[in-house]
Amino acid sequence: MIEFSEKALKIKPFEVMQILAKAQEMERRGEKVIHLEIGEPDFDTPKCIRDEAIKAMERGFTHYSDSKGVLELREALADHVGDFSSLSIDPNKNILVTGGVSLGLLFALSTITNPGDEVMITDPTYPCYENFVKYVDAVPIGIEVYEEDDFKLDIDNLERAISEKTKAILLNSPSNPTGMFFELSELEEVVEIASKKGIYVIVDEIYSGLVYDRKRSPSILETGYGNAIMLDGFSKLYAMTGWRLGYAISNVEVIQQMLKLQQNFYICPSPFAQIAAIKALCEAEEDVKKMVEEFDKRRKFIVEKINEIKGFKTREPKGAYYVFTNVKTISDDSTELANFILDEAKVAVAPGVSFGSNGEGYLRFSYANSIENIAEGVERIRMALNKFRG
Ligand code: PLP
């Protein structure tokens, strides 16, 4: 028997994708499943972006680009960042265009950690973080965040958890799955601890434009911390999940190291996607505004409907497009409950435990689906739960 590497074996499957696969299998059998599990906008990529990609292909942007990313895109990103932070970002030194936030994170962690180093994450958090950290042979340390604190990170808990081995704090703001985001003052508190301990702060800001009380959530770049790595991307805000495009912003030394990884392991993100992304930054404001307004309507709607279900309790999330719902009075086994809901109600939702052990007793609903589907999905769940309770 051929043995697999320890590295491969220690990576867990991405459970939301497993639920999706099961739901798709049911659909192949002819069942009508409502998808409230997947974190992907149901909107098309705005037309101006799609058109620009086609034009870029015709103009010959079908070959490798500079490994850092197409210069015009890096310049547009530097301007974009200049709109919300006073930092002066050099497109040649501080920016790396990446194959989504996913590859940016892999390169960032590969750049700054050694085997055995600890990386602080919250519990619950985006499930892939744990696997990224393990993949670079570092150790994820989960710091629990609680519903009664609006899932905010307790800075004292963070400080207590930091050890000699800690290399970085990895945060997601706004957060998948909780919808919480860090205010600037809270990021500054994190930075104060990080600079005292001499460690990095990586913030995945992929949902930064998906907030409902302002234009964007505060960025780690606004703190001016030298050892920060900011990751963002086009997937969520511009409905561009399939384009696989993101970017990392950091100090020149970190970007130089990450660039070597990109040169070797990815060469460059798709150049015609990069050219189209310039349009996203410069001309898609109206499209984005409409999508965010629609998400906001769905957010209010789903919170109201979920809270009507006996035993489901959910707070209004402030960002991203997820609600993290407390179902503890119904079940303390969220995987079993999510599977029951999929089998009985034909509604796919994500079990809270897949976001960390402290997410047990919760279900994550994505409202990246139409009001009609959300209404029908929640109603189907309400009916099915009568059976679950017996
Ligand atoms: N980071 C978070 C918190 C996410 O929720 C996701 C996707 O769901 C990603 C990163 C993946 O981003 P990308 O599509 O840019 O690789």
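Both ligands and their constituent atoms are indexed starting at 1 by order of listing. Index from 1, following the sequence. Here the structure is a predicted model, which means the values were calculated and not measured.
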S.K.: Does Glu40 form a salt bridge (charged side-chain N to carboxylate O under 4.0 Å, His left out) with Lys236? I'd like the steps, not just the answer.
M.R.: CA-CA 7 Å; Glu40 158 157 81; Lys236 311 289 180 174; over 6 Å; no
S.K.: What's the verdict on salt bridge (charged side-chain N to carboxylate O under 4.0 Å, His left out) for Lys55 and Asp51, showing C-alpha distance, side-chain angles and the deciding distance?
M.R.: CA-CA 6 Å; Lys55 269 197 250 153; Asp51 286 349; over 6 Å; no
S.K.: Pair up each side-chain donor or acceptor in residues 106-115 with any protein partner under 3.5 Å, not counting sequence neighbours, and list the distances.
M.R.:
residue: Ser110; atom: OG; partner: Leu106; partner atom: O; Å: 2.5
residue: Thr111; atom: OG1; partner: Phe107; partner atom: O; Å: 2.8
residue: Thr113; atom: OG1; partner: Leu109; partner atom: O; Å: 2.7

S.K.: Between ligand 1 and the protein, which N/O pairs fall short of 3.5 Å?
M.R.:
residue: ligand 1; atom: 1 (N); partner: Asp204; partner atom: OD2; Å: 2.6
residue: ligand 1; atom: 5 (O); partner: Asn176; partner atom: ND2; Å: 2.9
residue: ligand 1; atom: 5 (O); partner: Tyr207; partner atom: OH; Å: 2.7
residue: ligand 1; atom: 8 (O); partner: Lys236; partner atom: NZ; Å: 2.7
residue: ligand 1; atom: 14 (O); partner: Ser235; partner atom: OG; Å: 2.7
residue: ligand 1; atom: 14 (O); partner: Arg244; partner atom: NH1; Å: 2.8
residue: ligand 1; atom: 15 (O); partner: Val101; partner atom: N; Å: 2.7
residue: ligand 1; atom: 15 (O); partner: Ser235; partner atom: OG; Å: 3.4
residue: ligand 1; atom: 16 (O); partner: Val101; partner atom: N; Å: 3.4
residue: ligand 1; atom: 16 (O); partner: Ser102; partner atom: N; Å: 3.1
residue: ligand 1; atom: 16 (O); partner: Ser102; partner atom: OG; Å: 2.6
residue: ligand 1; atom: 16 (O); partner: Arg244; partner atom: NH2; Å: 2.7

S.K.: Would Glu376 and Arg380 pass as an ion pair if we require N to O under 4.0 Å?
M.R.: yes
S.K.: Show me, pair by pair, the donor-acceptor contacts under 3.5 angstrom made by side chains of residues 12-24, not counting sequence neighbours?
M.R.:
residue: Lys22; atom: NZ; partner: Asn339; partner atom: OD1; Å: 2.8
residue: Lys22; atom: NZ; partner: Asp343; partner atom: OD1; Å: 3.2

S.K.: Apart from Leu9 itself, what residues make up its hydrophobic cluster when side-chain heavy atoms of I, L, V, M, F, W and Y under 4.5 Å apart count as a link, directly or indirectly?
M.R.: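 In the cluster with Leu9 are Phe4.
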